[in-house]
Amino acid sequence: MVSGRVALITVTGRRTGRVYRFPVMYARAGDRIYVLVGQHTRKTWWRNVRRPAPVRVLVAGRWLDGTAEVLEGAEAEAAKEAYLARFPKAARAVDRDTPVVRITPRPEPSADAPPQHRVLVSRYGGPEVLRLVEEPIPEPGPGEARVKISAAGVSFTDVLIREGVYPGGPRPPFTPGYDLVGVVDAVGPGTTGAAPGDRVSALVEYGGYAQYLCVPATRLLPVPDGVDAAGAVCLPLTYVTAYQLLHRAAHVQQGERVLVHGAAGAVGSAVLQLGRLAGLEMYGTATAEQADLVTKLGATPIDHVSEDVVGRVRRETGDGVDVVLDGIGGAVALRSYRALRPDGRLIMFGHYATLRAGRRNLPRTLGFYTAGTAVLLGSALPRGRRVGFYRIAELRDLHPDWYRDDLARLFDLLTEGRIAPNVADRLPLKDARSAHERIGRGEVTGRLVLLP
């Protein structure tokens, strides 16, 4: 029996990372929900689920997590017939090429399922909103694999998401955690490409601060045996970001000069290691206390607190650097632009300057976007330097083969001992709040890792 009414659907854009929420008309057959694209205002959202992707749907006053995918062939035609039987007036807007999306709700955990712990954010705010909760272990849906998490990275991106200032971040309630490493312990119906016992990594954007997480199998990539989980979890976000900033966004060449802001941080230290392997002349901003680490990683340290960064760069290089990698923004973006030689490249990739002491700050946010606009306008002038922007999730979705190849290359470098992730600390799940507090105070060099 097919029924139909209005549902509210939440979809994450594959290219933008933005979260879209809008009403749709749907037809239901059993536990499955069918949506005929074209019967709502956002007529291109279906492109985000051409491959199976997680969605949330509000149906009859109840939120359901599920997997959405575009149908093809006989099932698509049968779904259209069922939909039009329920909504005959929609026939004028439907032809054989009209996409149909099927949403399969995730199975409810059984009553006797063992419990798991995860960190929950019920509202945007400071570290105090991170709360450890206990709930049944989730059941994987179609196309999903359930991962028993061995390690979850804690990043500044997680802080931005918690504060509600990260573009395209989830709305509460949600579990933070951009990346994870673990072992597949169960798969859902029709799942291919993953099997119990597989050691995997995933860039999930949120959800990693948990003991178990159901992930679309298409998002899982292999982790070599024998690699430490805490070191391995530094690669899917931090080291892929560093590698792609250098080789996919800036297109560096051997011998070029590169300035990295926040060089002692997780991404900054990864850039320095990879830059040394690429034969680059590296400069890194850091505090006086962090200078020795920057030097050890093969770069020239510049004290951004006591020194004129642009003046120091000019004295060291003569006419500036070829590339600046700026994960801070705001006033720093203006200095980054001035530190470039003619025809240099500025790659902006972070939102650090939008916060003060790890908390959301409106004046700093306005300053961040004002400075970003200024450097973009400067790049449009004759002989202007080039300015680009990088976001890992967007590039992964545009070029999943790049992400897969880059991560595999980095795991090769890790197993060969040519890179060494700086794990600042390993913490239990219950210390997620403490981890966010430490990042907010700016006292972490390297990467914090949660071990659920």
What's the spacing between [X] [atom1] and [Y] [atom2] if we round to 0.5 Å?
X	Y	atom1	atom2	result
Asp185	Asp198	CG	CG	11.5 Å
Glu437	Asp431	CD	CG	10.0 Å
Tyr390	Leu245	OH	CG	6.0 Å
Ile137	Leu213	CD1	CG	12.0 Å
Leu407	Leu203	CG	CG	9.0 Å

Legend entry - From CA spacing to verdict: side-chain contact (heavy atoms from CB on, under 4.5 Å), Ile9, Tyr26: CA-CA 10 Å; Ile9 188 170; Tyr26 73 93; over 6 Å; no
Counting N and O atoms only, with roles assigned by atom type, does the side chain of [X] sit under 3.5 Å from a partner on the main chain of [Y], one being a donor and the other an acceptor?
X	Y	result
Glu144	Gly188	no
Arg418	Leu277	no
Asn361	Arg364	yes
Arg118	Tyr212	no
Ser379	Arg386	no
Ser269	Ala264	no
Arg345	Val323	no

[Y] side chain reached by [X] side chain, heavy atoms, under 4.5 Å:
X	Y	value
Leu450	Val233	no
Glu135	Leu120	no
Tyr352	Val332	no
Tyr34	Leu71	yes
Leu427	Arg438	yes
Pro176	Arg162	no
Pro140	Thr191	no
Val121	Tyr206	no

Inset, instruction - Measure the acute angle between the ring planes of Tyr124 and Phe174, then classify it against the limits of 30° and 60° as parallel, tilted or perpendicular. - result: tilted
Inset, instruction - Assign the ring pair Trp402 / His399 to parallel, tilted or perpendicular, where the plane angle (0 to 90°) is split at 30° and 60°. - result: parallel
Inset, instruction - Could you tell me whether Arg356 atom CZ has more than 12 heavy atoms of other residues or ligands within 6.0 Å of it? - result: no
I need the minimum non-hydrogen distance between [X] and [Y], along with the two atoms involved.
X	Y	answer
Thr238	Arg447	OG1-NH1, 2.9 Å
Tyr178	Ala393	OH-CB, 3.6 Å
Met282	Val271	CE-CG1, 3.7 Å
Leu448	Ala424	CD2-CB, 4.0 Å
Ala202	Leu220	CB-CD2, 3.8 Å
Glu205	Ile161	O-CD1, 3.6 Å

Inset, instruction - With side-chain contact (heavy atoms from CB on, under 4.5 Å) as the test, would you mind laying out the steps for Phe349 and Ile392 before giving the verdict? - result: CA-CA 9 Å; Phe349 66 96; Ile392 186 171; over 6 Å; no
Inset, instruction - Answer yes when Glu69 and Arg102 have at least one side-chain N-carboxylate O distance shorter than 4.0 Å, and no when they do not. - result: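 Between Arg102 and Glu69 there is a salt bridge, with a charged N closer than 4.0 Å to a carboxylate O.
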Legend entry - Lys/Arg N to Asp/Glu carboxylate O, Arg106 vs Glu139, below 4.0 Å: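 Answer for the salt bridge query: no.
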Inset, instruction - Any chance you could lay out the side-chain contact (heavy atoms from CB on, under 4.5 Å) test for Arg248 and Asp406, step after step, and finish with the verdict? - result: CA-CA 10 Å; Arg248 303 292 188 184; Asp406 294 346; 2.9 Å; yes
Inset, instruction - For Glu134, check side chain to side chain donor-acceptor pair (under 3.5 Å) against everything at least two apart and list the hits. - result: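 Per chain and number, Glu134 pairs via side chain to side chain donor-acceptor pair (under 3.5 Å) with His117.
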Inset, instruction - For Asp412, enumerate each residue passing the salt bridge (Lys or Arg N to Asp or Glu O under 4.0 Å) test, keeping only those at least two apart in sequence or located in another chain. - result: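 Counting only residues at least two positions away or on another chain, Asp412 forms no salt bridge (Lys or Arg N to Asp or Glu O under 4.0 Å).
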Inset, instruction - Apply the test side-chain contact (heavy atoms from CB on, under 4.5 Å) to residues Gln273 and Leu413: give CA-CA distance (whole Å), side-chain angles for both, the deciding distance (0.1 Å), then the verdict. - result: CA-CA 11 Å; Gln273 290 184 46; Leu413 293 175; over 6 Å; no
Legend entry - Of Arg123, Arg359, Arg360, the residue whose pairing with Glu163 passes salt bridge (charged side-chain N to carboxylate O under 4.0 Å, His left out): Arg359
Inset, instruction - Please check if any side-chain donor atom of Asp158 sits under 3.5 Å from a side-chain acceptor atom of Tyr209, or the reverse. - result: yes
